[in-house]
2 protein chains.
Amino acid sequence: MLSVWHTDSMSAASLRARIRAEMSDEIKAAARKHLAIEGANLSLRAVARDLGMASSALYRYFASRDELLTALIIDAYDALGAAAEAVPVFPTAPQRWVEIAHAVRNWALANPHEWALVYGSPVPGYQAPSDTIGSATRVIFAFARVVAEAATTGHAVAGSPVDGQLGEEFHALAELALPGMAPQLAGRAMAGWIQVCGAVSAELFGQLANTIDARREFFEFQMRGTVDWIGLRA
Amino acid sequence: MLSVWHTDSMSAASLRARIRAEMSDEIKAAARKHLAIEGANLSLRAVARDLGMASSALYRYFASRDELLTALIIDAYDALGAAAEAVPVFPTAPQRWVEIAHAVRNWALANPHEWALVYGSPVPGYQAPSDTIGSATRVIFAFARVVAEAATTGHAVAGSPVDGQLGEEFHALAELALPGMAPQLAGRAMAGWIQVCGAVSAELFGQLANTIDARREFFEFQMRGTVDWIGLRA
DNA sequence: CCACACCGAGAGCACTGCTCTTGACTCGGT
DNA sequence: ACCGAGTCAAGAGCAGTGCTCTCGGTGTGG
């Protein structure tokens, strides 16, 4: 009986929580829709109108516009990470990197404003809370796993070592990915991830306008360069 | 006498124009100051307050907030281009590329919000007018010149050719930089510029937070990789 | 000398994020 | 069964925004 009471009160409590969570999800969905239409300057009143409620009611769920944006950012990180993790394991390490990169690019093309929210210029007053870093690293680890596995199976050539503070930071990075991994390889992987990021952002933010129309081929071209430089070998 | 009259009327005309230009410059300067403080969401009323005038008076000089932003963007492109062009000519092509890249990075670190304005996520409703492309290409040409000169002096190894539409676009790019230049080299130069852009943006937009503190060394590390991959040789 | 173009200021519109208060509703414990 | 506590939505309101329009004043060009 006591356990029943307990579960009852739990289910009642979780019911409230569930409704609240559903409402939060609806708000986030509406906000995402508005985000897709008019970009980062999201209007709380507009999403409230969409949901048929007063703007002030929205503050019951998100304390501020920044908090809503933070929730959207975390969701975006997670969605991107999931897209990267869903890529099937291709036979060779270079292929794996390139395919994950394509998955990242495809996600960004499908959700350009969310990509901008996450990897674009930071909102002035906004400071990303530490809640985001967990989700933010998912996609990076998807790439790191490729390099780490290549390192263990001898499919990654390590370049010349790096010393100084940068070498130590590369070492710390390597220990995170795979204990014993060559620090300079971890450094190149990190730089490679930034190249992925830069290539996608360049395309999305209009740097290729009037210059390159074969976007996918150019991205492939860049990524092949990236895996070459990192040292991944078939 | 007639010429004197002519110069008089000219100077009178240019006097009005000069006052107008000075006022425009003052507005832009104040706008830049506000931009540095609170980022891209620039308040016209705030800059008007700074200048001690009504916000409506500002519209005599810039038809809209977007037009002011456009003026700032053009100035930023020009300032960045000038910074890149001011780099002394170093003995070897790899050095030249890396030094220009450092100049770009230094300018971006000194003017982070203007960098974000130009290379960050585009403002939603805003569409960059064609006035900007002239200034936008200055910095790119600074890099292109390095590669083009290296190609003529045999200090650039051309990778494997690229065919298809991308190959044609690389060809068009090569013709712009140096007639007869290997298309794939132009393609790599373009990709290299995007890597510069991506590396600077990653640092500025907080992608390296809690990961890499030796920023300058890491940037140098990345740029050495870039010149290696492009095929620049000493 | 006068008309005309320009310039600055103010009022005003529709919008924004956000706060506070008010009234209704539901839920848990006695 | 009832009543206090907590939750929720709504409305009014504040300070701020981009932008328009109208109104006086001022200097220039013909």
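Residue numbers start from 1 in every chain, and the chains themselves are labelled A, B, ... in the order their sequence lines are given, proteins ahead of strands.
Heavy atoms only, all atoms of each residue included: Ser135(A) and Ile74(A) are closest at OG-CG2, 3.7 Å.
Considering only residues two or more places apart in sequence or on other chains, Trp229(A) meets the ring-ring contact (aromatic ring centres under 6.0 Å, His included) condition with Phe221(B). Residues satisfying the salt bridge (Lys or Arg N to Asp or Glu O under 4.0 Å) criterion with Arg224(A), sequence neighbours excluded, are Glu220(A). Scored by the salt bridge (Lys or Arg N to Asp or Glu O under 4.0 Å) test, Asp25(B) finds Lys28(B) as partners (sequence neighbours excluded). Among residues two or more places apart in sequence or in another chain, the salt bridge (Lys or Arg N to Asp or Glu O under 4.0 Å) test is passed with Arg96(A) by Glu149(A). Under the rule for a ring-ring contact (aromatic ring centres under 6.0 Å, His included), the partners of Trp97(A) that lie at least two apart in sequence or sit in another chain are Phe143(A). Listed by chain and residue number, Arg105(A) satisfy the salt bridge (Lys or Arg N to Asp or Glu O under 4.0 Å) test with Glu203(A) (two or more places apart in sequence, or in another chain).
When the P atom of dG16(D) is taken as reference, atom CG of Asn41(B) falls 15 Å away, rounded to whole Å.
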Item checked: Letter per nucleotide, 5' to 3', of nucleotides 7-20 of chain C [B base touched, S only sugar-phosphate touched, - untouched; heavy atoms, 4.0 Å] -> BBBB-B---BBBB-
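Near DNA chain C, defined here as any heavy-atom distance below 4.0 Å, there are no residues from residues 30-37 of chain B.
Sorted by first and then second residue, the salt bridge (Lys or Arg N to Asp or Glu O under 4.0 Å) pairs with a member in residues 54-64 of chain A form an empty list; sequence neighbours excluded.
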